[in-house]
Every structure is written in structure tokens, then in C-alpha cells.
Number of protein chains: 2
Amino acid sequence: MTTSAPPRPGRVLDPAKRAAILEGARAVFMREGFAQGSMDAVAAEAGVGKQTIYRHFRSKEALVEALVEAMCAPEVVRPPTRSLPSGQRLRELLLTFVTGVASPDSVRLYRAIVAEADRMPGLGRLFWEAGPRQVRAAIAQLWAEEHDTATAPVVAEQLVQLALGDAYQELVLGTGSPKREVFERQIDAALALLEVASRRHRR
Amino acid sequence: MTTSAPPRPGRVLDPAKRAAILEGARAVFMREGFAQGSMDAVAAEAGVGKQTIYRHFRSKEALVEALVEAMCAPEVVRPPTRSLPSGQRLRELLLTFVTGVASPDSVRLYRAIVAEADRMPGLGRLFWEAGPRQVRAAIAQLWAEEHDTATAPVVAEQLVQLALGDAYQELVLGTGSPKREVFERQIDAALALLEVASRRHRR
DNA sequence: TAGCATATACGAGACCGATTAGTTTCGTTT
DNA sequence: AAACGAAACTAATCGGTCTCGTATATGCTA
């Protein structure tokens with residue numbers, strides 16, 4: 001019964017422009033932060049009129065949300081190939097996760113989200129659901145396959161914390177640039193710790 | 001040989017005013033963040049003319065640096081009373097540390113420092129040295145007394161990470177307000193984990 | 001299938017209102 | 001003589017809107 005809205009002729013919003021705007025926003029906001037980065041800067045970086053941004057995004061806040069969503073999306077974790085020896089798969093998963101999270105862009109994204117945590121609480125949840133939560137789920141599943149199902153969720157949490165460790169804090173605080181080997185050491189220590197405890201728990 | 005500068009009469013900068021300004025800055029910046037908090041707001045909060053702030057601090061940046069330094073300083077950790085049973089002292093230390101770090105003001109300070117990590121890299125180091133580093137040292141010493149000296153530093157790192165855990169991430173990201181019991185559970189699990197491994201390591 | 005009309009996207013840039021770091025002024029206090 | 005409170009003032013930034021001239025896709029008509 002609802003009459004469909006009359007077809008509205010004219011040009012249509014160009015998806016390529018939207019992509020260019022998001023790319024410009026990524027460059028600007030990861031360089032200067034969400035608060036400091038200006039819409040004029042985004043427009044210039046994207047090679048686009050400012051009004052075009054507002055045709056594609058309602059406001060700066062909407063643009064930021066779309067950007068965070070886009071930057072979190074590819075963080076989906078796929079467990080490593082099943083061909084690896086059982087014990088190595090978990091190590092591999094942790095290593096790829098940590099190297100991803102330790103990349104400059106990922107650190108800047110985390111910083112920017114933390115910075116606006118109380119002004120835009122939605123960002124924090126968006127980030128958590130798209131990134132850290134899925135990582136923990138993947139790790140828990142792998143642990144459940146190879147060890148205990150009951151303790152898998154809490155073990156996954158602990159593994160993530162230990163794998164990131166102080167080295168990640170250095171990155172976030174900008175006080176150092178730990179090498180890959182540091183993370184590898186932390187991961188190996190974490191796995192050793194948890195597996196010892198698991199064996200003991202299983203009597 | 002250098003002629004002493006001519007005596008300069010007049011009033012002297014009032015230290016009480018400086019303290020009031022820092023207190024006002026703490027209130028404002030912890031409420032609104034370093035970027036959003038305005039100097040006018042600090043002046044009002046401190047009950048002080050804006051120019052008085054600029055007589056005591058060269059710029060907003062200088063005020064922020066002084067504030068961070070002041071807020072980090074008192075975070076010195078004193079190990080708990082020796083009267084406690086040996087096994088409980090470590091738990092007590094971790095608990096007071098975590099509850100301190102989980103306080104709203106501490107979380108906001110951490111957020112603010114992370115937010116400006118690349119614009120003001122000195123803040124990150126200042127914070128790390130004054131807070132987390134000392135906490136780790138205190139924990140390591142306690143662990144060395146009761147267990148192994150060689151592994152104490154890395155164990156302290158792991159204990160801190162596990163004690164904070166995902167609950168602290170929720171606080172930082174603003175996605176939740178975990179109760180004290182959550183942190184207690186994380187601490188107990190961490191201690192159990194590390195002590196099991198320690199006993200095994202000692203053969 | 002070709003062509004015309006139309007509504008909209010687009011770039012550029014002026015413009016508005018609000019906010020803010022920092023300065024200046026003035027009368028008062030120490 | 002300089003600190004202090006109060007408040008006006010300056011210069012700059014920024015989110016968002018508006019206008020203008022141009023480009024382009026869509027729908028209707030032939």
C-alpha cells in the first residue's frame with residue numbers, strides 16, 4: 001500500500017569518491033589524530049571538495065566512525081593452515097596477530113580511539129568487537145582443539161596479554177620500537193607458561 | 001667578575017597559586033582531556049586570572065608537562081607490610097597497584113598521555129619511568145625474595161600484564177566498568193599460573 | 001537507438017559562528 | 001615594582017553551510 005517514492009533522476013554518489021575520502025581521512029587522522037585532523041585537510045588529502053565529503057558523510061563524527069569500521073574490518077583473523085604441526089599453529093596465530101597489532105597504523109588507530117574514548121564511546125566498542133574480540137575467539141578455539149575446552153576463553157585472554165606484554169606498551173606510549181624477536185620471546189614464554197599449567201591441571 | 005644583577009623589588013610568584021593552578025588543571029584536563037580542556041576553564045576552576053597562569057607557566061604545553069610530572073610522581077609503590085604471610089604480600093601488592101591504576105583519574109591520565117604520544121613523546125617516557133617501571137621493580141623484588149631471582153624481572157612483567165588483563169582494556173577503551181572482583185580473579189589466576197611454573201622450573 | 005531535459009554530484013572557495021591560545025589593560029594588592 | 005583578578009581583545013582554527021560554474025548519469029520521448 002505504501003507508494004514507492006518517485007524515482008529520482010540525476011547523478012548518483014560516486015563510490016570511488018567515497019573511497020578516496022576514506023583514504024584521505026585515514027592519512028590525515030592517523031597522522032594528526034581524530035581531534036586535530038581537520039575536514040579541510042581531509043578534503044585536500046583526498047583531492048576533493050569539502051562539500052563532497054559532507055555529501056557522503058553526515059558529519060565529521062560519522063566519517064570517523066566509518067573510517068574506524070573500515071580499518072578494523074580487515075583485522076578478521078583466519079587460523080593458520082591446518083598443515084602445520086599441532087603445537088606450531090597457535091604460535092603462528094599469535095605471531096601474525098601481534099605483528100599486525102604492532103604495525104604503525106594499527107598503533108596509531110589504537111591511540112586515536114583511546115584518545116576519544118569518552119567523547120565517542122561507540123568507537124571503543126566498535127574496535128573491540130571487530131578486532132581484539134575476534135582474535136581472542138580464534139585463539140580460544142585453537143586452544144580448545146588442542147587442549148582444554150573449559151579453560152579456553154580465559155587462557156586466550158592470558159595468551160593475548162602475555163604476547164603483547166610490555167613491548168606493546170612501549171609502542172603505544174611511543175617510548176621504544178621493540179624488534180620482532182622481543183615479541184617472539186614473549187609469545188614463546190607465554191605458550192610455555194600456559195602449557196605447563198595445562199598439563200598440570202589435567203593431572 | 002660578573003656584576004650581580006640589580007636587586008629586583010616587587011612581589012614574588014606565589015607557590016600557593018601555582019599549586020591551585022595545577023589542581024585546577026588536573027580537574028579540567030582529567031575531565032575533558034588535554035586537547036579539549038581550555039586555559040579559561042583552568043583559570044576558572046583554579047579561581048585565578050588567566051594571566052596568572054601564564055606568569056607561572058610559559059604555555060599550555062608547559063602546564064600539561066608540569067601536571068603530568070606532578071601526577072606521576074606520587075605513584076611510588078611501597079611494598080605491603082612485612083607482617084603479612086609470605087604468599088599474601090605479592091597478592092596485596094598487585095591488588096593495590098591494580099586498583100590504583102583502575103581509578104578513573106589514572107585511566108584518564110593514561111588516555112591523555114597515549115593520545116599525545118607522538119606529539120609529546122617525553123610524556124610517555126616520564127609516565128613510564130614514574131609509574132609502570134617502578135611497579136615492575138617492586139614486584140620483581142618481592143618475587144625474588146620469595147622465589148627465583150633470575151626470572152624475577154620477566155615474571156614481574158607477566159604478572160602485571162595478567163593482573164590488568166582485558167578488564168583494564170575495557171576501562172581504557174571505555175567499553176565497560178569491571179568490578180573489583182574481576183581484577184581479583186585475574187590476579188589469583190596470574191599468581192597460580194606463575195607459581196605453578198616456578199615450582200616446576202625448580203624441579 | 002538517439003537525443004533532450006533535469007536533477008544531482010562535483011571542485012573551488014567564500015562565508016558563518018563558535019572556540020581558543022595567548023596578549024593587553026586597568027585597578028588593586030603585597 | 002611586580003603579582004594578582006577581571007575582562008576585553010587579537011589572531012587563528014575549525015565544523016559546517018552556501019554559492020557558482022561545470023560535469024554527468026538518469027528518465028522520458030521520439
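Residue numbers begin at 1 in each chain, while the letters A, B, ... track the order of the sequences.
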Identify which nucleotide among [options] has an atom closest to any side-chain atom of [X], counting heavy atoms from C-beta outward.
| X | options | value |
| --- | --- | --- |
| His56(B) | dC4(D), dA21(C), dG11(C) | dC4(D) |
| Lys17(B) | dG11(C), dT17(D), dC4(D) | dC4(D) |
| Arg55(B) | dC4(D), dG11(C), dG16(D) | dC4(D) |
| Leu13(A) | dT17(D), dG5(D), dA9(C) | dA9(C) |
| Ser38(B) | dC10(C), dT20(C), dG15(D) | dT20(C) |

Can you give me the closest heavy-atom contact between Ala117(A) and Val172(B), atom names plus distance?
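What the structure gives for the nearest pair is CB-O, 3.5 Å.
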Heavy-atom closest pair, residues Phe34(B) and Lys60(B)
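Answer, listing the atom of Phe34(B) first, then Lys60(B): O-NZ, 3.0 Å.
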Are [X] and [Y] packed together at the side-chain level, in the sense that at least one heavy-atom pair is separated by less than 4.5 angstrom?
| X | Y | result |
| --- | --- | --- |
| Cys72(A) | Leu109(A) | yes |
| Tyr110(B) | Leu171(B) | no |
| Glu92(A) | Arg89(A) | no |

Measure from [atom1] on [X] to [atom2] on [N] and round the result to the nearest Å.
| X | N | atom1 | atom2 | result |
| --- | --- | --- | --- | --- |
| Arg18(A) | dT8(C) | CZ | P | 20 Å |
| Phe29(B) | dT20(C) | CZ | P | 11 Å |
| Asp40(B) | dG5(D) | CG | P | 14 Å |
| Ile53(B) | dA7(D) | CD1 | P | 15 Å |
| Asp14(B) | dA2(D) | CG | P | 17 Å |
| Gln36(A) | dT19(C) | CD | C1' | 13 Å |
| Leu63(A) | dG16(D) | CG | C1' | 14 Å |

Does any N or O donor sit under 3.5 Å from an N or O acceptor when you compare the side chain of Arg11(B) with the base of dA3(D)?
yes
Any N/O donor-acceptor pair, Lys50(A) side-chain to dG16(D) base, under 3.5 Å
yes
Phosphate-side-chain proximity, Thr52(A) and dA9(C), N/O vs OP1/OP2 below 4.0 Å:
no
When the nearest nucleotide of DNA chain D is assigned to Met39(A) and to Gln51(A) on a heavy-atom basis, which residue is associated with the more 5' position?
Met39(A)
